[in-house]
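Following: one structure in structure tokens, then a few remarks.
Below, read A as the first sequence line, B as the second, and so on, with proteins coming before strands; counting in each chain starts at 1.
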Amino acid sequence: DVKVTQSSRYLVKRTGEKVFLECVQDMDHENMFWYRQDPGLGLRLIYFSYDVKMKEKGDIPEGYSVSREKKERFSLILESASTNQTSMYLCASTNLQTYGYTFGSGTRLTVV
Amino acid sequence: GQQLNQSPQSMFIQEGEDVSMNCTSSSIFNTWLWYKQEPGEGPVLLIALYKAGELTSNGRLTAQFGITRKDSFLNISASIPSDVGIYFCAGQRNNDMRFGAGTRLTVKP
């Protein structure tokens, strides 16, 4: 059963902390994505990557960075967490031959 | 980037009723997709549509790719309590995927 695994389901962090959200996929997918999901706003793309060590900004990259050192792992980094980054974060992956993304179960981050 | 216009935002229906939701865009997409997200989980792909005018079914779900390539609808027939969740439309054009804001469906037994 193919999977996208996000390391934490729930996280509570303090304002100013550096936060790492990890995502691993076992499907050998080239493309990986980080979204945040907020009520009424749907899914908004933060960053994506088409290959190892590649990264591209999405629609709302401010306050975030990413790392892709290995093909199966895509990390989202909040350099200095703020309360407006409280949200559900979803990781997804896909390859060049298929349509649609496979999503992880999400990480609900609360910044206090 | 532009998101898709999905409606309705929410629906409260009785078990057994049919449901219809739709998605529109000012841009053309090559593929339309419908996802379902259950509480505490990530979205799961329900149906993918690849050609304008295509009508595809998956059990009680039916979706259509609009002839203009700028819209799509999803119908759920004879709803049951486990249909509860948020349904997202998505339009894909090459490597660009855009999502609607979601339709939250509540089914009363």
* To do: Tell me, for B/Gln6 versus chain A, whether the close heavy atoms (under 4.5 Å) come from the side chain, the backbone, both or neither.
  =>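 Contact with chain A: none, neither part.
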* Contact class of B/Glu41 relative to chain A, heavy atoms under 4.5 angstrom ->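 The answer is both parts of B/Glu41.
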* Asked: Is any residue of residues 103-112 of chain A within less than 4.5 Å of chain B by heavy atoms, and which ones?
  ->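 Residues in range: A/Phe103, A/Gly104, A/Ser105.
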* What pair of heavy atoms forms the shortest contact from B/Pro43 to A/Leu90, and how long is it? ->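 What the structure gives for the nearest pair is CD-CD1, 3.8 Å.
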* Quick one: closest heavy-atom pair of B/Ala101 and A/Gly40, and the distance? =>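 What the structure gives for the nearest pair is CB-O, 3.7 Å.
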* To do: Please check if atom CD in A/Glu17 has more than 12 non-hydrogen atoms from other residues, nucleotides or ligands closer than 6.0 Å.
  =>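 Yes - once you tally the heavy atoms of other residues, nucleotides and ligands closer than 6.0 Å, there are more than 12.
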* Asked: Is B/Arg104 atom CZ crowded by more than 12 heavy atoms from other residues, nucleotides or ligands, each under 6.0 Å away?
  ->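 No.
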* Asked: In Å, rounded to the nearest 0.5 Å, how long is the span from CZ of B/Phe88 to CD of A/Gln37?
  ->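 Result: 4.0 Å between the selected atoms.
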* Flag, side chain of B/Tyr35 to backbone of A/Gly100, donor-acceptor distance under 3.5 Å ->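 Judged by distance alone, no pair lies under 3.5 Å.
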* Is there a side-chain contact between B/Met97 and A/Asn31, using heavy atoms and a 4.5 Å cut-off? ->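 With C-beta onward as the side chain, the pair stays apart.
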* **Same apolar cluster (I L V M F W Y, side chains within < 4.5 Å links), A/Met32/A/Met88** =>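 No.
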* Heavy-atom contact with chain B under 4.5 Å, split by part of A/Tyr10 ->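 Neither part.
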